[in-house]
Amino acid sequence: MLDIAKLARQMPQIGQQMQKDAQASLKRLEMAQGLFSEANKHQDELIKAQEVWGDRMIFSPGTPVESLDTAIDIPDAPPSHSVFSSDGSQIAPSHHEIIYCYLINIGRIMLHYGQNFHPLLDSIPEIYYKTEDLYGSRKWGIRTEEWMGYLRTMQEVQVLTEMACTWVNPPGAHFNIPNLAMTDGSLVYWFLDNLPTEAREEILNPVIESWEQLRQSKIPLVGYISASRSIEVISFLRLMACPYEAPNCNNFCSLDNEKNPCQKVEPLRDTSLWNKILQPRQRSAIFRSNSRILDCYPESQKTHFCYLHGGVEVARVEFPQWIAEDSELLNQALSITLTQIDKGFGYPVALAEAHNLAVIKGGDRTQFFSLIEDQMLRYGVRNVGVSYKEARKRGSIA
């Protein structure tokens, strides 16, 4: 039980510390705006320095592909358009349950505006119980629970692509209607970076293949990141703040240092800076991400991003290079994203509904294992039950 009285006594100290942090954050923000203004004047020089010294830098800034001070107004989406989205959830395997297995549930949603079509709102559950499902990843030293998360990410992309391409491509007549495929989160799968090559390819190759299908069908794809913690733009400003003749971190700085001379505004986030620069319904300059995992992506699928002011918050919006190079598709993607934010009162409604379709609640988990128990008893499996530990946790005697 939470002791509210003890907690209340800590509040004054917490409030004082939060006040100090807020004042320090304002100072960092002012400094960042100054660095941004200077970096805008020397943008080409900074990009060249990044290209020359990038392999000797201990940070990875994004690279602007437009003028830093770009701020473009985004119009509303056309009245007739379609939006596709998917999200996933899972029941993790547990040795304390009646059977060691896991479930992945992918929620999918297809919304049509101004077209008089019914929406699609459903979920696709799949149970994994075979030996290769449960222990196949052990050969790479990857835990089953970890591998389950990677599979879920891959399936979210595959389900999204299949749904969107099936609707848009012939024999349907919907290829000329503006559309957008949306996903919640980043398109940069940095979590695959440290995996063995074979394991990484087993997840990433189907994802790239799905994205290529979207490209061929000219269905724009965006990854929407709310409350982004990214500092790729702030990291670009570190090039401006560097006091040395070149950003050769290997010679002048050290990973052992808690703070190097160029880290003047950290831990400020990109969104805090763009919130001061952008007006509602504007996007920032486009940046190319330089995360190491992107070396495994084909050139056309390398992730680019911009920041979009949706009125309530500034969100990071990511998209492949083929969209960054097509101004018509990019404007289509961002206008539909902005309209989705409006309809969702600050967060894209398609993403919220896909999450709601995917989420597994406590009652769903209970029903899932009840169904399995029924099947085991039907086929003559006896002594079915949870571990004593799990049983005691479900029924307290206190």
Side-chain angles (χ1 to χ4, degrees), residues 21-72 186 188 190 225-279 282-294 302-309 313-319 321 324:
D21 291 345
Q23 292 171 348
S25 181
L26 285 175
K27 291 180 180 179
R28 288 193 293 267
L29 185 55
E30 291 175 2
M31 190 179 298
Q33 288 178 279
L35 287 172
F36 182 90
S37 179
E38 288 300 310
N40 187 55
K41 299 174 186 176
H42 303 281
Q43 180 173 330
D44 292 340
E45 301 167 31
L46 298 178
I47 292 175
K48 185 175 181 180
Q50 183 183 4
E51 293 173 350
V52 173
W53 300 99
D55 60 338
R56 279 156 285 186
M57 289 161 49
I58 58 176
F59 57 98
S60 181
T63 304
V65 299
E66 296 177 311
S67 176
L68 267 180
D69 61 353
T70 298
I72 297 178
S186 179
V188 182
W190 51 265
I225 308 171
S226 177
S228 170
R229 301 177 62 86
S230 175
I231 57 170
E232 285 188 89
V233 177
I234 294 295
S235 292
F236 184 77
L237 300 185
R238 290 177 66 174
L239 295 168
M240 190 70 234
C242 179
Y244 304 109
E245 57 184 12
N248 188 347
C249 304
N250 289 346
N251 281 356
F252 301 118
C253 301
S254 171
L255 282 172
D256 297 331
N257 293 343
E258 185 176 339
K259 197 168 186 180
N260 289 307
C262 62
Q263 295 175 274
K264 295 182 177 180
V265 299
E266 290 189 11
L268 196 69
R269 301 174 188 172
D270 291 350
T271 50
S272 299
L273 176 62
W274 288 112
N275 194 48
K276 283 291 185 181
I277 297 172
L278 297 176
Q279 296 297 315
Q282 285 186 337
R283 75 158 174 91
S284 72
I286 297 172
F287 288 76
R288 183 180 71 248
S289 179
N290 293 304
S291 297
R292 190 171 60 179
I293 188 63
L294 294 180
K302 290 186 184 296
T303 302
H304 288 54
F305 65 91
C306 69
Y307 285 88
L308 181 66
H309 198 317
E313 70 165 345
V314 173
R316 175 174 165 127
V317 180
E318 298 182 351
F319 36 85
Q321 180 172 305

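Just so it is clear, the structure is predicted and the values come from calculations on it, not from any experiment.
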J.: Test your reading of the model: is there a side-chain donor-acceptor pair from D270 to the backbone of I234, 3.5 Å cut-off?
T.: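 Pair found, side chain donor or acceptor close to backbone of I234.
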
J.: Listed by chain and number, what are the salt bridge (Lys or Arg N to Asp or Glu O under 4.0 Å) partners of R288, not counting sequence neighbours?
T.: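 Per chain and number, R288 pairs via salt bridge (Lys or Arg N to Asp or Glu O under 4.0 Å) with no residue.
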
J.: Please walk me through it: do E313 and T271 pass side-chain contact (heavy atoms from CB on, under 4.5 Å)?
T.: CA-CA 8 Å; E313 70 165 345; T271 50; over 6 Å; no

J.: Evaluate the side-chain proximity of Y307 to S230: yes if any heavy-atom separation is below 4.5 Å, no if none is.
T.: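 Side chain of S230 against side chain of Y307, heavy atoms only: contact under 4.5 Å found.
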
J.: Rounded to the nearest 0.5 Å, what separation is found between the OG atom of S272 and the CG atom of L29?
T.: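 It comes to 6.5 Å.
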
J.: Going by side-chain hydrogen bond (donor to acceptor under 3.5 Å, both in side chains), name the residues that satisfy it together with S291, two or more places apart in sequence or in a different chain.
T.: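 Counting only residues at least two positions away or on another chain, S291 forms a side-chain hydrogen bond (donor to acceptor under 3.5 Å, both in side chains) with S289.
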
J.: Looking at CG of N290 and CD of E51, how far apart are the two atoms once the value is rounded to the nearest 0.5 Å?
T.: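 Output value for this atom pair is 9.5 Å.
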
J.: Taking C-beta and beyond as the side chain, do C262 and Y244 meet within less than 4.5 Å on heavy atoms?
T.: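 Answer no - side chains too far apart.
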
J.: Any salt bridge (Lys or Arg N to Asp or Glu O under 4.0 Å) involving residues 52-66? Give me the pairs, sequence neighbours left out, ordered by first then second residue.
T.: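 Residue pairs with at least one partner in residues 52-66: E66-R283.
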
J.: May I have the step-by-step check of side-chain contact (heavy atoms from CB on, under 4.5 Å) for L237 and L273, ending in yes or no?
T.: CA-CA 11 Å; L237 300 185; L273 176 62; 3.9 Å; yes

J.: Determine whether F59 and L239 satisfy the following criterion, side-chain contact (heavy atoms from CB on, under 4.5 Å), listing intermediate values before the conclusion.
T.: CA-CA 10 Å; F59 57 98; L239 295 168; 4.2 Å; yes

J.: How are the rings of W274 and F36 set relative to one another: parallel (under 30°), tilted (30 to 60°) or perpendicular (over 60°)?
T.: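 Perpendicular, since the angle between the ring planes exceeds 60°.
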
J.: Can you name the closest pair of heavy atoms from P261 and C253 and give their distance?
T.: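 So the two residues come closest at CD-SG, 4.1 Å.
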
J.: To the nearest 0.5 Å, what is the distance between CZ (R28) and CG (D21)?
T.: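 So the gap between those two atoms works out to 7.5 Å.
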
J.: Under the side-chain hydrogen bond (donor to acceptor under 3.5 Å, both in side chains) test, which residues partner D69, sequence neighbours left out?
T.: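 Here the qualifying residues are N40, S67.
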
J.: Quick one: does P247's side chain get under 4.5 Å of Q50's, heavy atoms only?
T.: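 Heavy-atom side-chain distance check fails, nothing below 4.5 Å.
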
J.: Can you list every salt bridge (Lys or Arg N to Asp or Glu O under 4.0 Å) pair that touches residues 225-244, not counting sequence neighbours?
T.: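 For residues 225-244, and leaving out neighbouring residues, the salt bridge (Lys or Arg N to Asp or Glu O under 4.0 Å) pairs sorted by first residue read E232-R316, R238-E266.
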
J.: For a quick test of reading the model, state the closest non-hydrogen atom pair linking R269 to I231 and the distance between them.
T.: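 Minimum heavy-atom separation between R269 and I231: CA-CG2, 4.1 Å.
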
J.: Nearest 0.5 Å please: distance from the OG1 atom of T70 over to the CD1 atom of I277.
T.: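 Spacing of OG1 (T70) from CD1 (I277) equals 11.0 Å.
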
J.: Within the side chain of S235, is there an N or O that forms a donor-acceptor pair under 3.5 Å with the backbone of S60?
T.: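 No: the side chain of S235 does not pair with the backbone of S60.
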
J.: Which pairs, with at least one residue in residues 30-44 and sequence neighbours excluded, count as a salt bridge (Lys or Arg N to Asp or Glu O under 4.0 Å)?
T.: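 Qualifying pairs: E38-K41.
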
J.: What is the ring orientation for F287 with F236, classed by angle as parallel under 30°, tilted 30 to 60°, or perpendicular over 60°?
T.: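 Rings of F287 and F236: perpendicular, over 60°.
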
J.: Looking only at non-hydrogen atoms, find the nearest pair between V265 and A32 and report the distance.
T.: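 For V265 versus A32, the nearest heavy atoms are CG1-N, 3.7 Å.
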
J.: So for atom CD, which belongs to Q23, do other residues, nucleotides or ligands contribute more than 12 heavy atoms lying within a distance under 6.0 Å?
T.: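 For Q23, atom CD is crowded (more than 12 foreign heavy atoms under 6.0 Å).
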
J.: Does any part of the side chain of S25, heavy atoms only, come nearer than 4.5 Å to the side chain of L268, both counted from C-beta?
T.: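 In contact.
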
J.: Could you give the distance from CH2 (W53) to CG (N248), rounded to the nearest 0.5 Å?
T.: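 It is 5.0 Å, given to the nearest 0.5 Å.
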
J.: Passes side-chain contact (heavy atoms from CB on, under 4.5 Å), N260 versus F252? Steps please.
T.: CA-CA 9 Å; N260 289 307; F252 301 118; over 6 Å; no

J.: Write down the atom of I47, the atom of P64, and the distance for their closest heavy-atom approach.
T.: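 Result for this residue pair: CD1-O, 3.6 Å.
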
J.: Is M240 close to L46 at the side-chain level, that is, under 4.5 Å between some pair of heavy atoms?
T.: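 With C-beta onward as the side chain, the pair touches.
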
J.: Tell me the closest heavy-atom pair linking T303 and L294, and the distance in Å.
T.: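 Scanning both residues, the minimum pair turns out to be OG1-CD2, 3.7 Å.
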
J.: Nearest 0.5 angstrom please: K302 NZ to I293 CD1, how far?
T.: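 If I round to the nearest 0.5 Å, the distance is 10.0 Å.
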
J.: Tell me whether K264 at atom NZ has more than 12 heavy atoms from other residues, nucleotides or ligands lying less than 6.0 Å away.
T.: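 No.
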
